[in-house]
Amino acid sequence: QVQLVESGGGLVQPGGSLRLSCAASGKFFSVNRMAWYRQAPGKQRELVARITSTETTNYADSVKGRFSISRDKAKNTVNLQMNSLKPEDTAVYYCNAEITIAVFGPGAGSYDYWGQGTQVTVSS
């Protein structure tokens, strides 16, 4: 069973920093793209940052220059370094990954997985 487990959320003052981490575990062939999304109360879930298997990255305009996504392919982890945090960054942050379970046989294919979410609160 594949799982994405996040860590690193919490309460931080405006201007502060947090680092989120997410690890994929279970039995699978490969982890393809990985991403972070967030959902604030009363709002739709939105993409924050994405990194492909070739480490191409893209960011939401609202976080460019402040957030940085990186991954460790050997450990199947993705990190989100968040600097210069603002109150409007307050949300539940979700890890997302496209994972190839197998390339042939039962269950072969690539599927989308989500972590359970971690709360980030930016407040003085």
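The residues of the chain are indexed from 1 along the displayed sequence.
- What you find for Ile99 and Ala24 is that their closest heavy atoms are CD1-CB, 4.3 Å.
- A donor-acceptor pair is defined here as one N or O able to donate and one able to accept, closer than 3.5 Å; no such pair exists between the side chain of Arg71 and the backbone of Ala35.
- In this structure, CH2 on Trp36 lies 15.0 Å from CZ on Arg50, to the nearest 0.5 angstrom.
- Between Tyr94 and Trp114, the ring planes lie perpendicular to each other; the angle is over 60°, past the 30° to 60° tilted range.
- Of all heavy-atom pairs between Gln116 and Val5, the closest is OE1-CA, 4.0 Å.
- For the 3.5 Å distance criterion, the side chains of Thr90 and Thr121 fail to qualify, holding no donor opposite an acceptor.
- Judged by distance alone, the side chain of Glu46 and the main-chain N or O of Arg38 form no donor-acceptor pair under 3.5 Å.
- Under the 4.5 Å side-chain contact rule for hydrophobic residues, Val122 and Val92 do not share a cluster.
- Tracing side-chain contacts under 4.5 Å through hydrophobic residues (I, L, V, M, F, W, Y), one reaches Phe29 starting from Phe104; they form part of the same cluster.
- For the atom pair Ser68 OG and Arg19 CZ, the distance stands at 8.0 Å (nearest 0.5 Å).
- Checking Asn83 against Gln81 by side-chain atom types alone, a donor-acceptor pair falls below 3.5 Å.
- No donor-acceptor pair under 3.5 Å is formed between the side chain of Lys75 and the backbone N or O of Ala23.
- Of all heavy-atom pairs spanning Leu18 and Gly8, the tightest one is CD2-O, 3.9 Å.
- Judged as a salt bridge (charged side-chain N to carboxylate O under 4.0 Å, His left out), and not counting sequence neighbours, Glu98 has no contacts.
- Residues Leu20 and Leu85 are members of one and the same hydrophobic cluster, defined by side-chain heavy-atom contacts under 4.5 angstrom among Ile, Leu, Val, Met, Phe, Trp and Tyr.
- Defined by atom type and a distance below 3.5 Å, a donor-acceptor pair is present between the side-chain atoms of Ser30 and Asn32.
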Going through the distances and angles, do Leu47 and Asn58 end up as a side chain to side chain contact (heavy atoms under 4.5 Å, CB included)? CA-CA 10 Å; Leu47 175 68; Asn58 63 283; 3.9 Å; yes
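- For Tyr59 (side chain) and Ile69 (main-chain N/O), a donor-acceptor pair under 3.5 Å exists by modelled atom type.
- Heavy-atom contacts from other residues, nucleotides or ligands closer than 6.0 Å to CD of Gln44 number 12 or fewer.
- Listed here is the closest heavy atom pair of Pro14 and Ser124: CD-N, 3.7 Å.
- Hydrophobic clustering, with ILVMFWY side chains joined whenever heavy atoms are under 4.5 angstrom apart, keeps Met34 apart from Tyr37.
- Taking every heavy atom of both residues into account, Cys95 and Leu4 meet most closely at O-CD1, 3.8 Å.
- The pair Lys64-Asp61 counts as a salt bridge, with a side-chain nitrogen and a carboxylate oxygen less than 4.0 angstrom apart.
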Could you go step by step and tell me if Val120 and Asp89 meet the side chain to side chain contact (heavy atoms under 4.5 Å, CB included) rule? CA-CA 8 Å; Val120 171; Asp89 294 318; 5.5 Å; no
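- Under a 3.5 Å cut-off, the side chain of Asn96 and the backbone N or O of Tyr113 do form a donor-acceptor pair.
- Between Leu11 and Ser123 there is a side-chain heavy-atom pair separated by less than 4.5 Å.
- Identified under the salt bridge (charged side-chain N to carboxylate O under 4.0 Å, His left out) test for residues 24-34, with sequence neighbours left out: Arg33-Asp112.
- More than 12 heavy atoms of other residues, nucleotides or ligands sit less than 6.0 Å from atom OH of Tyr111.
- Scanning all heavy atoms of the two residues, the minimum distance from Asn79 to Ser21 falls at OD1-OG, 2.8 Å.
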